[in-house]
Amino acid sequence: LTTYDIEYLYLQLYSNSTAEKNIRSKFICNNPIANPAGDIDLTKTCGKELNLNINVNDIKLTVDKKELNVEKLNEGQKIILTFKHPTFKATLETDNEFDSIASCLSTITSADTIFHRDNDFDLEYSKTVIDSLTFEELDQINKFYKDLPKLSYSTQMKCTSCGKVHDLNLEGLKDFF
């Protein structure tokens, strides 16, 4: 399962096992406040702790299961690198973001030959391939991983102390607990 599938499953298990349909989350108002002279002091904020109750059913999982194909020229020959979404297991087994990305390289296509991860190449070879990419190719990969499906919830909340209206965008399981 992918990381976001595990997060969604956890959220549903939590909701069903605790009979809680609302998640209580806290938010600290970071609105800069004025000093007695009326000047805004960016070092001082409202600091009011606001409670947010989120209905589990309102938390959405953006789903886009497409893989990423990165085309690369190597000595005049077109090579296509296919990246899959990271699995939860791979996330646990890798030490850093570079290794995590390398673990997602699933196939390398060259001419009419398709090389599959684990059958034809290993993680170390994946790292070598990733290391040979240009900045533009790495940019494609970074955008792909930044835009992976995730749990999300957006709302507005008004601070009960200073009156500032905050646009809240929570993403990923860590933002909800």
Side-chain angles (χ1 to χ4, degrees), residues 1-18 20-27 52 54-155 167-177:
L1 290 174
T2 61
T3 343
Y4 51 85
D5 286 330
I6 294 291
E7 287 185 351
Y8 185 75
L9 183 62
Y10 176 82
L11 186 65
Q12 296 306 311
L13 286 172
Y14 171 83
S15 172
N16 290 316
S17 66
T18 62
E20 284 288 324
K21 292 299 175 200
N22 287 319
I23 295 173
R24 287 178 214 89
S25 191
K26 294 183 190 275
F27 172 73
L52 179 64
I54 305 166
N55 185 314
V56 172
N57 296 324
D58 293 337
I59 299 171
K60 303 297 178 211
L61 178 63
T62 58
V63 180
D64 179 6
K65 300 255 184 184
K66 289 189 268 181
E67 295 179 329
L68 171 69
N69 290 322
V70 176
E71 291 187 13
K72 178 175 182 53
L73 285 178
N74 187 14
E75 298 176 10
Q77 183 177 358
K78 183 168 87 168
I79 297 173
I80 299 174
L81 308 175
T82 303
F83 291 85
K84 61 182 180 174
H85 292 207
T87 63
F88 187 69
K89 181 181 178 192
T91 304
L92 293 176
E93 292 175 346
T94 54
D95 296 330
N96 56 55
E97 191 174 332
F98 181 81
D99 288 356
S100 181
I101 290 171
S103 74
C104 294
L105 178 58
S106 61
T107 62
I108 301 172
T109 306
S110 175
D112 292 335
T113 308
I114 299 175
F115 301 97
H116 296 274
R117 172 75 194 279
D118 295 332
N119 294 337
D120 303 313
F121 61 95
D122 60 6
L123 180 62
E124 289 308 311
Y125 187 76
S126 294
K127 290 180 191 180
T128 304
V129 170
I130 302 288
D131 208 28
S132 73
L133 298 175
T134 65
F135 286 119
E136 292 81 17
E137 293 161 343
L138 288 171
D139 232 14
Q140 283 181 325
I141 296 167
N142 283 332
K143 182 176 176 356
F144 174 71
Y145 286 102
K146 186 179 131 298
D147 295 339
L148 282 173
K150 57 184 125 306
L151 296 175
S152 64
Y153 176 79
S154 296
T155 191
D167 290 322
L168 300 178
N169 296 305
L170 307 177
E171 291 185 338
L173 194 60
K174 66 181 176 1
D175 281 357
F176 296 100
F177 292 97

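Counting from 1, the numbers follow the sequence of the chain as shown.
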Grab the two heavy atoms, one from [X] and one from [Y], that are nearest each other, plus how far apart they are.
X	Y	result
Asp99	Asn96	N-OD1, 2.7 Å
His85	Pro149	CE1-CD, 3.6 Å
Glu137	Glu71	OE2-O, 3.6 Å
Val129	Ser132	O-OG, 2.7 Å
Asn55	Asn57	OD1-N, 2.7 Å
Gly172	Phe176	O-CD1, 3.2 Å

Short side-chain to backbone donor-acceptor contact, [X] and [Y], under 3.5 Å:
X	Y	result
Lys89	Pro86	no
Thr91	Thr87	yes
Lys84	Thr82	no
Asp120	His116	yes

Non-hydrogen side-chain atoms of [X] and [Y] separated by less than 4.5 Å:
X	Y	result
Lys127	Asp131	no
Ile141	Lys146	no
Ile59	Glu7	no
Phe121	Leu105	yes
Tyr10	Leu173	yes

Measure the spacing between [atom1] of [X] and [atom2] of [Y] and express it to the nearest 0.5 Å.
X	Y	atom1	atom2	value
Lys60	Tyr8	NZ	OH	8.0 Å
Leu170	Ile54	CG	CD1	5.0 Å
Gln140	Lys143	CD	NZ	10.5 Å
Asn169	Thr155	CG	OG1	9.5 Å
Ser152	Leu61	OG	CG	8.0 Å
Tyr153	Leu52	OH	CG	5.5 Å

Start with the C-alpha distance between Leu123 and Ser103, add both sets of side-chain angles, then the distance that settles side chain to side chain contact (heavy atoms under 4.5 Å, CB included), and finish with yes or no. CA-CA 6 Å; Leu123 180 62; Ser103 74; 4.1 Å; yes
Near Phe27 CZ, under 6.0 Å, is it more than 12 heavy atoms from other residues, nucleotides or ligands? yes
State whether the number of non-hydrogen atoms from other residues, nucleotides or ligands found under 6.0 Å of Tyr125 atom OH is greater than 12. no
For the pair Arg117 and Cys104, evaluate side chain to side chain contact (heavy atoms under 4.5 Å, CB included) and give the outcome as yes or no after the intermediate values. CA-CA 9 Å; Arg117 172 75 194 279; Cys104 294; over 6 Å; no
Would you please test Ile101 and Glu97 for side chain to side chain contact (heavy atoms under 4.5 Å, CB included) and show each step? CA-CA 6 Å; Ile101 290 171; Glu97 191 174 332; 4.2 Å; yes
Passing option when Phe83 is tested against Thr107, Ile130, Asn69 for side chain to side chain contact (heavy atoms under 4.5 Å, CB included): Ile130
